[in-house]
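Below: the structure, in C-alpha coordinates.
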Amino acid sequence: MIDALDKMIIAALQADFPVSRHPYRELAARIGITEEEMLRRIQQYQEAGYIRKIGAVLRHREVGFLANVLCVWQVPEVQIEEVGRIFAAHPAVSHCYARPAFPEWPHNMYTMIHGISQSQCEMYIQELMGLSGLSEYILLYSIRELKKSSMRYFIETELVD
Amino acid sequence: MRAILSVEDKQLLNRIQQDFPVHTAPYAVIGTELGMTEQEVLERVARLKQEGYIRRIGPCFNSHELGYTSTLVALSIPEETIVEAAAIINRYTGVTHNYIRSGTYNMWFTFIASSQAQLEQDLADIRNQIGMTAMLVLPATHMFKVNVNLHITEDRA
(Lines give C-alpha, C1' and ligand atoms only; values in the text may rest on other atoms or scores of the structure.)
Protein backbone atom coordinates (compact mmCIF):
# COMPACT_ATOMS: atom_id res chain seq x y z
CA MET A 1 0.00 0.00 0.00
CA ILE A 2 1.05 3.55 -0.67
CA ASP A 3 1.00 5.53 2.58
CA ALA A 4 1.08 9.26 3.20
CA LEU A 5 4.89 9.32 3.46
CA ASP A 6 5.19 7.41 0.17
CA LYS A 7 3.03 10.02 -1.54
CA MET A 8 5.23 12.77 -0.12
CA ILE A 9 8.39 10.98 -1.29
CA ILE A 10 6.99 10.25 -4.76
CA ALA A 11 5.94 13.89 -5.10
CA ALA A 12 9.45 15.01 -4.05
CA LEU A 13 11.11 12.63 -6.54
CA GLN A 14 9.34 14.37 -9.40
CA ALA A 15 11.64 17.36 -9.00
CA ASP A 16 14.66 17.34 -11.27
CA PHE A 17 17.47 15.61 -9.32
CA PRO A 18 20.14 18.00 -8.05
CA VAL A 19 23.46 17.71 -9.87
CA SER A 20 25.48 17.46 -6.68
CA ARG A 21 27.44 14.79 -4.80
CA HIS A 22 24.48 13.58 -2.71
CA PRO A 23 21.24 14.21 -4.62
CA TYR A 24 19.16 11.78 -2.53
CA ARG A 25 20.31 13.46 0.68
CA GLU A 26 19.13 16.83 -0.67
CA LEU A 27 15.76 15.44 -1.80
CA ALA A 28 15.31 13.73 1.59
CA ALA A 29 16.10 16.96 3.43
CA ARG A 30 13.38 18.81 1.51
CA ILE A 31 10.73 16.57 3.09
CA GLY A 32 12.43 16.05 6.44
CA ILE A 33 13.46 12.40 6.18
CA THR A 34 16.89 10.76 6.32
CA GLU A 35 18.87 9.80 3.26
CA GLU A 36 18.78 6.15 4.42
CA GLU A 37 14.96 6.20 4.54
CA MET A 38 14.83 7.79 1.08
CA LEU A 39 17.17 5.19 -0.46
CA ARG A 40 15.32 2.31 1.23
CA ARG A 41 11.91 3.49 0.02
CA ILE A 42 13.16 4.05 -3.54
CA GLN A 43 14.45 0.46 -3.62
CA GLN A 44 11.02 -0.70 -2.44
CA TYR A 45 9.32 1.30 -5.20
CA GLN A 46 11.60 -0.29 -7.80
CA GLU A 47 10.79 -3.78 -6.49
CA ALA A 48 7.05 -3.00 -6.40
CA GLY A 49 7.17 -1.68 -9.97
CA TYR A 50 6.09 1.85 -9.03
CA ILE A 51 9.30 3.11 -10.62
CA ARG A 52 9.92 2.00 -14.18
CA LYS A 53 13.41 3.42 -14.37
CA ILE A 54 15.59 6.13 -12.88
CA GLY A 55 17.76 8.17 -15.19
CA ALA A 56 18.16 11.14 -17.46
CA VAL A 57 15.52 12.03 -20.02
CA LEU A 58 17.23 13.41 -23.11
CA ARG A 59 15.96 15.90 -25.65
CA HIS A 60 15.68 13.72 -28.75
CA ARG A 61 16.45 16.38 -31.31
CA GLU A 62 19.46 17.69 -29.42
CA VAL A 63 21.16 14.29 -29.38
CA GLY A 64 20.64 13.72 -33.09
CA PHE A 65 17.30 11.92 -33.29
CA LEU A 66 15.83 14.59 -35.53
CA ALA A 67 12.85 12.64 -36.82
CA ASN A 68 10.14 10.54 -35.24
CA VAL A 69 6.90 9.15 -36.48
CA LEU A 70 3.93 7.40 -34.93
CA CYS A 71 3.18 4.43 -37.16
CA VAL A 72 -0.19 2.73 -36.56
CA TRP A 73 -0.89 -0.75 -37.89
CA GLN A 74 -3.86 -3.00 -38.56
CA VAL A 75 -3.01 -6.32 -36.96
CA PRO A 76 -5.31 -9.37 -36.90
CA GLU A 77 -6.35 -9.99 -33.29
CA VAL A 78 -4.70 -13.44 -33.14
CA GLN A 79 -1.34 -11.97 -34.18
CA ILE A 80 -1.26 -9.12 -31.65
CA GLU A 81 1.08 -10.84 -29.18
CA GLU A 82 3.50 -12.08 -31.80
CA VAL A 83 3.66 -8.79 -33.72
CA GLY A 84 4.00 -6.81 -30.49
CA ARG A 85 7.06 -8.86 -29.53
CA ILE A 86 8.61 -8.44 -33.00
CA PHE A 87 8.09 -4.67 -33.04
CA ALA A 88 9.28 -4.23 -29.45
CA ALA A 89 12.56 -5.99 -30.30
CA HIS A 90 13.44 -3.41 -32.98
CA PRO A 91 15.89 -0.82 -31.58
CA ALA A 92 14.29 2.11 -33.46
CA VAL A 93 10.92 1.46 -31.74
CA SER A 94 10.75 3.36 -28.44
CA HIS A 95 7.11 2.62 -27.58
CA CYS A 96 4.84 -0.19 -28.74
CA TYR A 97 1.25 -0.54 -27.52
CA ALA A 98 -1.87 -2.35 -28.67
CA ARG A 99 -5.05 -0.24 -28.43
CA PRO A 100 -8.69 -0.85 -29.35
CA ALA A 101 -9.87 -0.55 -32.95
CA PHE A 102 -13.14 1.02 -34.09
CA PRO A 103 -15.10 0.76 -37.35
CA GLU A 104 -13.98 4.29 -38.26
CA TRP A 105 -10.44 3.63 -37.00
CA PRO A 106 -9.26 0.07 -37.67
CA HIS A 107 -5.66 0.55 -36.47
CA ASN A 108 -4.85 -1.36 -33.28
CA MET A 109 -1.04 -1.33 -32.92
CA TYR A 110 0.98 1.81 -32.20
CA THR A 111 4.73 2.12 -32.69
CA MET A 112 6.80 5.24 -32.06
CA ILE A 113 9.85 5.19 -34.31
CA HIS A 114 12.92 7.40 -33.97
CA GLY A 115 15.63 8.10 -36.52
CA ILE A 116 18.05 10.70 -37.78
CA SER A 117 15.73 11.55 -40.71
CA GLN A 118 12.24 10.94 -42.04
CA SER A 119 13.68 8.61 -44.68
CA GLN A 120 15.54 6.59 -42.03
CA CYS A 121 12.25 6.23 -40.08
CA GLU A 122 10.54 5.00 -43.24
CA MET A 123 13.37 2.52 -43.85
CA TYR A 124 12.80 1.15 -40.33
CA ILE A 125 9.09 0.79 -41.13
CA GLN A 126 10.02 -1.27 -44.20
CA GLU A 127 12.05 -3.49 -41.87
CA LEU A 128 9.07 -3.86 -39.50
CA MET A 129 6.86 -4.79 -42.48
CA GLY A 130 9.34 -7.45 -43.54
CA LEU A 131 9.69 -8.87 -40.03
CA SER A 132 5.94 -8.98 -39.34
CA GLY A 133 4.51 -9.65 -42.78
CA LEU A 134 2.08 -6.77 -42.24
CA SER A 135 1.31 -4.18 -44.88
CA GLU A 136 -1.60 -2.10 -43.49
CA TYR A 137 -0.26 0.94 -41.72
CA ILE A 138 -0.44 4.70 -41.73
CA LEU A 139 2.16 7.27 -40.68
CA LEU A 140 1.20 10.05 -38.30
CA TYR A 141 3.91 12.67 -38.43
CA SER A 142 3.93 15.25 -35.68
CA ILE A 143 3.29 18.66 -37.18
CA ARG A 144 3.27 20.69 -33.99
CA GLU A 145 4.02 19.99 -30.32
CA LEU A 146 1.28 21.55 -28.18
CA LYS A 147 2.39 20.14 -24.83
CA LYS A 148 5.14 17.96 -23.42
CA SER A 149 5.43 17.62 -19.66
CA SER A 150 5.94 15.08 -16.91
CA MET A 151 2.98 13.80 -14.92
CA ARG A 152 2.82 15.07 -11.34
CA TYR A 153 1.65 12.19 -9.16
CA PHE A 154 0.17 12.84 -5.72
CA ILE A 155 0.26 16.57 -6.19
CA GLU A 156 -3.29 17.65 -5.54
CA THR A 157 -4.05 19.84 -8.52
CA GLU A 158 -6.07 18.78 -11.52
CA LEU A 159 -5.73 21.98 -13.49
CA VAL A 160 -2.71 24.12 -14.19
CA ASP A 161 -3.28 27.71 -13.16
CA MET B 1 26.91 27.72 -29.97
CA ARG B 2 27.08 24.46 -28.14
CA ALA B 3 30.13 22.26 -28.45
CA ILE B 4 29.97 18.98 -30.36
CA LEU B 5 29.46 15.98 -28.07
CA SER B 6 32.73 14.26 -27.21
CA VAL B 7 33.14 10.49 -26.93
CA GLU B 8 33.04 10.87 -23.13
CA ASP B 9 29.82 12.91 -23.32
CA LYS B 10 28.18 10.20 -25.42
CA GLN B 11 29.34 7.46 -23.04
CA LEU B 12 27.90 9.41 -20.15
CA LEU B 13 24.58 10.12 -21.93
CA ASN B 14 24.21 6.43 -22.80
CA ARG B 15 25.02 5.37 -19.23
CA ILE B 16 22.90 7.91 -17.38
CA GLN B 17 19.56 7.22 -19.11
CA GLN B 18 18.84 4.17 -16.99
CA ASP B 19 19.89 2.47 -13.75
CA PHE B 20 20.86 5.77 -12.14
CA PRO B 21 22.41 4.41 -8.91
CA VAL B 22 20.25 4.43 -5.79
CA HIS B 23 23.27 5.24 -3.68
CA THR B 24 24.51 8.06 -1.49
CA ALA B 25 26.96 9.16 -4.21
CA PRO B 26 25.42 8.13 -7.55
CA TYR B 27 27.69 10.29 -9.70
CA ALA B 28 30.77 8.72 -8.08
CA VAL B 29 29.38 5.24 -8.90
CA ILE B 30 28.86 6.23 -12.54
CA GLY B 31 32.35 7.77 -12.60
CA THR B 32 33.93 4.54 -11.40
CA GLU B 33 32.13 2.62 -14.16
CA LEU B 34 33.24 5.05 -16.87
CA GLY B 35 36.75 5.78 -15.58
CA MET B 36 35.98 9.38 -14.63
CA THR B 37 36.20 11.17 -11.31
CA GLU B 38 33.01 12.15 -9.50
CA GLN B 39 33.88 15.80 -10.11
CA GLU B 40 34.26 15.21 -13.85
CA VAL B 41 30.88 13.44 -14.03
CA LEU B 42 29.19 16.30 -12.14
CA GLU B 43 30.75 18.91 -14.42
CA ARG B 44 29.79 17.05 -17.59
CA VAL B 45 26.19 16.44 -16.43
CA ALA B 46 25.79 20.09 -15.42
CA ARG B 47 27.06 21.21 -18.82
CA LEU B 48 24.92 18.69 -20.76
CA LYS B 49 21.85 19.97 -18.90
CA GLN B 50 22.78 23.58 -19.48
CA GLU B 51 23.33 22.90 -23.18
CA GLY B 52 19.89 21.27 -23.42
CA TYR B 53 20.84 17.64 -24.10
CA ILE B 54 19.39 16.47 -20.78
CA ARG B 55 15.79 17.48 -20.04
CA ARG B 56 15.66 16.12 -16.49
CA ILE B 57 17.10 13.45 -14.21
CA GLY B 58 14.79 11.40 -12.03
CA PRO B 59 12.45 8.43 -11.92
CA CYS B 60 9.84 7.48 -14.50
CA PHE B 61 6.83 6.15 -12.62
CA ASN B 62 4.46 3.43 -13.73
CA SER B 63 1.16 5.29 -13.54
CA HIS B 64 -0.91 2.09 -13.33
CA GLU B 65 1.10 0.70 -10.40
CA LEU B 66 0.51 3.98 -8.56
CA GLY B 67 -3.23 3.48 -9.01
CA TYR B 68 -3.64 5.95 -11.86
CA THR B 69 -5.30 5.22 -15.17
CA SER B 70 -4.22 6.52 -18.55
CA THR B 71 -5.25 6.67 -22.15
CA LEU B 72 -4.40 8.08 -25.55
CA VAL B 73 -7.11 10.31 -27.03
CA ALA B 74 -7.47 11.34 -30.67
CA LEU B 75 -9.66 14.21 -31.84
CA SER B 76 -10.68 15.49 -35.21
CA ILE B 77 -10.50 19.25 -34.79
CA PRO B 78 -11.08 21.91 -37.47
CA GLU B 79 -7.84 23.78 -38.15
CA GLU B 80 -9.28 27.14 -37.06
CA THR B 81 -10.23 25.87 -33.57
CA ILE B 82 -6.98 24.03 -32.74
CA VAL B 83 -5.51 26.81 -30.60
CA GLU B 84 -8.69 27.23 -28.58
CA ALA B 85 -9.15 23.47 -28.07
CA ALA B 86 -5.49 23.02 -27.09
CA ALA B 87 -5.82 25.75 -24.46
CA ILE B 88 -8.78 23.91 -22.88
CA ILE B 89 -7.15 20.47 -23.02
CA ASN B 90 -3.64 21.47 -21.94
CA ARG B 91 -4.94 23.03 -18.71
CA TYR B 92 -5.33 19.53 -17.29
CA THR B 93 -2.12 18.42 -15.55
CA GLY B 94 -3.01 14.84 -16.56
CA VAL B 95 -2.47 15.83 -20.20
CA THR B 96 1.27 15.20 -20.52
CA HIS B 97 1.75 15.11 -24.30
CA ASN B 98 -0.32 16.78 -27.00
CA TYR B 99 0.58 16.83 -30.69
CA ILE B 100 -0.96 17.92 -33.94
CA ARG B 101 -0.45 15.08 -36.40
CA SER B 102 -1.16 14.47 -40.07
CA GLY B 103 -4.51 12.78 -40.81
CA THR B 104 -8.25 12.98 -40.13
CA TYR B 105 -7.69 12.63 -36.40
CA ASN B 106 -5.28 15.49 -36.03
CA MET B 107 -4.96 16.14 -32.29
CA TRP B 108 -3.40 13.37 -30.17
CA PHE B 109 -2.97 13.67 -26.43
CA THR B 110 -2.16 11.39 -23.52
CA PHE B 111 -4.25 11.68 -20.37
CA ILE B 112 -3.39 10.31 -16.92
CA ALA B 113 -6.04 10.50 -14.18
CA SER B 114 -6.31 9.32 -10.59
CA SER B 115 -9.16 6.91 -11.41
CA GLN B 116 -11.25 5.63 -14.29
CA ALA B 117 -14.22 7.68 -13.05
CA GLN B 118 -12.08 10.84 -12.96
CA LEU B 119 -10.79 10.12 -16.46
CA GLU B 120 -14.30 9.71 -17.86
CA GLN B 121 -15.47 12.85 -16.06
CA ASP B 122 -12.57 14.92 -17.38
CA LEU B 123 -13.01 13.66 -20.95
CA ALA B 124 -16.74 14.44 -20.78
CA ASP B 125 -15.88 17.95 -19.55
CA ILE B 126 -13.39 18.43 -22.37
CA ARG B 127 -15.95 17.25 -24.91
CA ASN B 128 -18.50 19.73 -23.52
CA GLN B 129 -16.06 22.60 -23.60
CA ILE B 130 -14.76 22.08 -27.12
CA GLY B 131 -18.14 21.17 -28.63
CA MET B 132 -19.07 18.46 -31.11
CA THR B 133 -16.04 16.66 -32.41
CA ALA B 134 -15.05 13.09 -33.26
CA MET B 135 -13.12 11.60 -30.32
CA LEU B 136 -11.37 8.24 -30.04
CA VAL B 137 -10.48 7.03 -26.55
CA LEU B 138 -7.63 4.55 -26.95
CA PRO B 139 -6.40 3.01 -23.68
CA ALA B 140 -3.51 0.56 -24.09
CA THR B 141 -4.65 -3.06 -24.04
CA HIS B 142 -1.10 -4.47 -24.19
CA MET B 143 2.16 -2.64 -23.52
CA PHE B 144 4.99 -4.27 -25.42
CA LYS B 145 7.64 -1.59 -25.00
CA VAL B 146 8.08 1.61 -23.04
CA ASN B 147 11.66 2.58 -23.59
CA VAL B 148 12.86 6.09 -23.88
CA ASN B 149 16.54 5.16 -23.97
CA LEU B 150 18.30 6.56 -26.98
CA HIS B 151 21.54 4.90 -27.97
CA ILE B 152 23.88 7.62 -29.15
CA THR B 153 26.47 6.36 -31.61
CA GLU B 154 29.39 8.03 -33.35
CA ASP B 155 27.32 9.24 -36.30
CA ARG B 156 24.90 11.23 -34.14
CA ALA B 157 25.12 14.82 -32.96
Side-chain angles (χ1 to χ4, degrees), chain A residues 2 13-14 16-17 19 21-25 35 39 42-43 48-60 62-65 70 80 84-85 87-88 91 93-100 102 105 114 116 138 140-153 157-160, chain B residues 13 16-20 22-27 38 42 45-46 49 52-63 65-68 72 86 90-103 105 108-109 112 136 138-148 150-152 156-157:
Chain A
I2 298 173
L13 287 172
Q14 289 165 67
D16 194 7
F17 279 16
V19 185
R21 293 190 64 207
H22 303 291
Y24 296 107
R25 191 178 298 173
E35 182 182 35
L39 293 171
I42 292 172
Q43 280 159 0
Y50 299 162
I51 290 177
R52 223 189 272 288
K53 70 154 196 175
I54 306 179
V57 179
L58 307 188
R59 287 196 175 84
H60 292 193
E62 309 296 331
V63 293
F65 291 81
L70 178 60
I80 287 274
R85 273 196 299 274
F87 285 176
V93 174
S94 67
H95 295 73
C96 179
Y97 298 152
R99 301 182 185 277
F102 298 92
W105 186 258
H114 296 267
I116 55 172
I138 57 171
L140 304 174
Y141 281 102
S142 81
I143 293 169
R144 195 149 32 115
E145 182 179 287
L146 299 173
K147 187 174 183 184
K148 185 164 189 174
S149 63
S150 297
M151 181 57 187
R152 298 157 72 217
Y153 298 100
T157 50
E158 282 299 320
L159 294 176
V160 184
Chain B
L13 287 172
I16 205 173
Q17 291 179 72
Q18 62 186 343
D19 301 324
F20 187 82
V22 182
H23 183 279
T24 179
Y27 297 102
E38 180 183 38
L42 286 167
V45 171
K49 283 184 82 164
Y53 294 106
I54 296 175
R55 185 189 294 277
R56 71 178 282 266
I57 300 172
C60 294
F61 291 95
N62 182 329
S63 60
E65 293 293 336
L66 293 180
Y68 283 71
L72 178 69
N90 292 351
R91 287 182 66 225
Y92 290 83
T93 51
V95 174
T96 55
H97 296 70
N98 189 356
Y99 290 91
I100 297 297
R101 296 190 179 277
S102 47
Y105 289 92
W108 293 79
F109 64 91
I112 304 174
L136 298 173
L138 302 161
T141 52
H142 304 252
M143 298 172 70
F144 295 105
K145 192 175 193 179
V146 190
N147 179 8
V148 288
L150 302 172
H151 185 69
I152 302 156
R156 294 193 194 279

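Chain identifiers are assigned alphabetically (A, B, ...) following the order of the sequence lines, protein sequences preceding nucleic acid strands; residue numbering begins at 1 within each chain.
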Handout entry: Distance (rounded to the nearest 0.5 Å) between B:F20 CZ and A:I42 CD1
Key = 10.0 Å
Exercise for the section: Below 4.5 Å from any heavy atom of chain B, which atoms of A:L70 appear? Answer side chain, backbone, both or neither. Expected result: both
Exercise for the section: Give a yes or no answer on whether the side chain of B:S102 reaches the backbone of A:Y141 with a donor-acceptor pair at less than 3.5 Å. Expected result: yes
Handout entry: Pick from B:T24, B:L42, B:V45 with the largest number of heavy-atom pairs that fall under 4.5 Å of chain A
Key = B:T24
Problem - Donor-acceptor contact present, side-chain A:R59 to main-chain B:G52, <3.5 Å - result: yes
Exercise for the section: State, with a plain yes or no, whether a side-chain heavy atom of B:I54 is found less than 4.5 Å away from one of A:V57. Expected result: no
Handout entry: side-chain contact (heavy atoms from CB on, under 4.5 Å) between B:F144 and A:F87, intermediate numbers included
Key = CA-CA 8 Å; B:F144 295 105; A:F87 285 176; over 6 Å; no
Practice task
Output yes when a side-chain donor or acceptor of A:K148 lies under 3.5 Å from a complementary backbone atom of B:Y99, and no otherwise.
Solution key: no
Exercise for the section: Assess the pair A:Y153 and B:Y68: is the distance between their ring centroids shorter than 6.0 Å? Expected result: yes
Completion exercise
Heaviest contributor of heavy-atom pairs below 4.5 Å to chain B, chosen from A:P91, A:G55, A:S142, A:A88, is A:G55
Fill in the blank from the handout: The interface call for A:E145 against chain B, heavy-atom contacts under 4.5 Å, is both
Exercise for the section: Take atom CZ of B:R55 as the centre, draw a 6.0 Å sphere, and report whether it contains more than 12 heavy atoms from other residues, nucleotides or ligands. Expected result: yes
Practice task
Compare all side-chain heavy atoms of B:I57 with those of A:D16 and state whether any distance is below 4.5 angstrom.
Solution key: yes
Fill in the blank from the handout: Of the listed B:H97, B:H142, B:K49, B:E65, the one with the largest count of heavy-atom pairs under 4.5 Å with chain A is B:H142
Handout entry: Where B:R56 and A:S150 come nearest, the two heavy atoms and their spacing
Key = CD-OG, 3.8 Å
Handout entry: Interchain contact, B:F61 with chain A, by part (heavy-atom threshold 4.5 Å)
Key = both
Practice task
Check whether any side-chain heavy atom of A:H95 lies under 4.5 Å from a side-chain heavy atom of B:K145, and answer yes or no.
Solution key: no
Practice task
Below 4.5 Å from any heavy atom of chain B, which atoms of A:Y24 appear? Answer side chain, backbone, both or neither.
Solution key: side chain
Handout entry: Heavy-atom pairs under 4.5 Å with chain A, option from B:L72, B:L13, B:D19 with the top count
Key = B:L72
Practice task
Answer whether the closest heavy-atom distance between the side chains of A:P23 and B:Y27 falls below 4.5 Å.
Solution key: yes
Exercise for the section: Sort out for me which of A:R85, A:Q14, A:R25, A:R144 touches chain B most, counting heavy-atom pairs under 4.5 Å. Expected result: A:R144
Practice task
Kindly say whether A:A98 contributes a backbone atom to a donor-acceptor pair with the side chain of B:T141 at under 3.5 angstrom?
Solution key: yes
Practice task
Sort A:R52 into side chain, backbone, both or neither according to what part of it lies under 4.5 angstrom from a heavy atom of chain B.
Solution key: both
Problem - Part of B:F109 lying under 4.5 Å from any heavy atom of chain A - result: neither
Exercise for the section: Check each atom of A:L140 against the heavy atoms of chain B and say whether the ones under 4.5 Å are side chain, backbone, both or neither. Expected result: both
Handout entry: NZ-CG distance between A:K147 and B:N98, expressed to the nearest 0.5 angstrom
Key = 8.5 Å
Exercise for the section: Identify the heavy atoms of A:P100 and B:L138 that sit nearest to each other, and give their distance. Expected result: O-CD2, 3.5 Å
Exercise for the section: Pick whichever of B:A86, B:A46, B:P26 has the most heavy-atom pairs under 4.5 Å with chain A. Expected result: B:P26
Exercise for the section: For residues B:S63 and A:M151, determine if any side-chain heavy atom of one lies less than 4.5 Å from a side-chain heavy atom of the other. Expected result: no
